[in-house]
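Atoms within a ligand are numbered from 1 in the order they appear, just like the ligands themselves. Side-chain atoms are counted along with the backbone in the values below, which use heavy atoms only and exclude waters and symmetry mates.
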Amino acid sequence: MAVERHRCLCVVVLLIHTVTGAGEGPSPLPLPSPSPSLKSYDNELTVTFPPLDDLYSNTPEKHFGTENNTLVTSQTGSTALLPCVIRNIGDGIVSWIRRKDYHLLTVGLTTYSSDQRFQAIHLQHSEDWTLKVRFVQKRDAGIYECQVSSHPPTSIFLRLEVVEARAQISGPTEKYLKPGSTLRLQCSVVQTTEAPAFVFWYHNSRMINYDAERGINVTTNPAERLSDLLIPAASVSHAGNYTCVPNNAVPASIYVHIFNGENPAAMQSSSPSFTHLNLNGLLLPALLSFHITR
Ligand SMILES: *[C@@H]1O[C@H](CO)[C@@H](O)[C@H](O)[C@H]1NC(C)=O
Ligand SMILES: *[C@@H]1O[C@H](CO)[C@@H](O)[C@H](O)[C@H]1NC(C)=O
Ligand SMILES: *[C@@H]1O[C@H](CO)[C@@H](O)[C@H](O)[C@H]1NC(C)=O
């Protein structure tokens, strides 16, 4: 410690010594001349910078491992990962900028945006500075810039495309069946980038995935983004509104009429809501109580 301080002092003394041109005099600490600070600053510049330049020319060149103008597609509600691999980053700092409004999202591992859905992901010793966007929304679509501080800064640009996954029940939006016939509904999740974790089926407002005792069989294949609803022998009580609700996609509905073939007139004249009222009797008590209270 003492040796170190001694050496430092020596260097400083030597510097001042050289700058002021002193040295002939016997005084070990010469008095400052009128403009020594400027001169010593000059001196300091020439002393400090050449080694740094050497350092830069000796290190392998910094470059991006992620292709410029990469497209990333994510579905609404999911987590988007925008990669940015930088080789030989040195002491460079990575910033992510949303180009739409030049909003600074992250610098290093710090999120600057007030929107905490944005986060830079970087594992120690890795070369990747991925931007993670949680709960992707449609408005997140656009260009993102991964910028590395250097002289001058260099950037690559990534485009985030946001798709909205939705459920789709095959066939027409209304189905007409005779009592006792088989009701089969197939729901597929389209425009997805990730499989649904689960798919719920609703009959009107009731969740029916586990209603086996009511003759309902639901089978879901998340990997294929498919869910099937099977009622081998449909009865009048099975009529109504069926909705397929994947956890990560917009739901889809279909209306099922169960009617006796001998009475097609009822089918033609009835609107879905009218049938709904007749067959379920759900709205009837509500209407009655309405009359009574008046
Ligand atoms: C990436 O492409 C943009 C133009 O789309 C360009 O300005 C930029 O310099 C490119 N970055 C690199 C590292 O080549
Ligand atoms: C439900 O349907 C699948 C085929 O869609 C069938 O393999 C399975 O046995 C059925 N389950 C019941 C309880 O009927
Ligand atoms: C069926 O239910 C869904 C979800 O509750 C609703 O959005 C839709 O309007 C209903 N359709 C009919 C015809 O009642």
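- Remark: the Thr130 side chain and the Asp128 side chain contain an N/O donor-acceptor pair separated by less than 3.5 Å.
- Contact annotation: the side chain of Tyr144 never approaches that of Cys84 to less than 4.5 Å [non-hydrogen atoms, C-beta and beyond].
- In summary, the atoms of ligand 3 found under 4.0 Å from a heavy atom of Tyr255, numbered by their order in the structure, are 13 (C).
- Placement of Leu230 and Val199 in two distinct hydrophobic clusters is found when ILVMFWY residues are connected by side-chain heavy-atom separations under 4.5 Å, directly or transitively.
- In this model, no donor atom of one side chain and acceptor atom of the other lie less than 3.5 Å apart for Gln147 and Ser95.
- Looking at Asn241 next to ligand 3, an N or O pair under 3.5 Å apart turns up.
- Each of Trp96 and Tyr112 belongs to its own hydrophobic cluster when Ile, Leu, Val, Met, Phe, Trp and Tyr are linked at side-chain heavy-atom distances under 4.5 angstrom.
- Against a heavy-atom cut-off of under 4.0 Å, Asn217 is close to the following atoms of ligand 2: 1 (C), 2 (O), 3 (C), 8 (C), 10 (C), 11 (N), 12 (C), 14 (O).
- In this structure, the side chain of Thr111 engages the main chain of Phe118 through a donor-acceptor pair within 3.5 Å.
- Proximity of a side-chain donor or acceptor of His63 to a complementary backbone N or O of Asn88 within less than 3.5 Å is not detected.
- Remark: ligand 2 atoms within the under-4.0 Å shell around heavy atoms of Thr219 are 5 (O).
- Contact shell of ligand 1 (protein heavy atoms, cutoff 4.0 Å): Phe64, Asn68, Asn69, Ser155, Ile156, Phe157.
- With hydrogens and angles left out, the side-chain atoms of Glu145 and Ser155 include a donor and acceptor closer than 3.5 Å.
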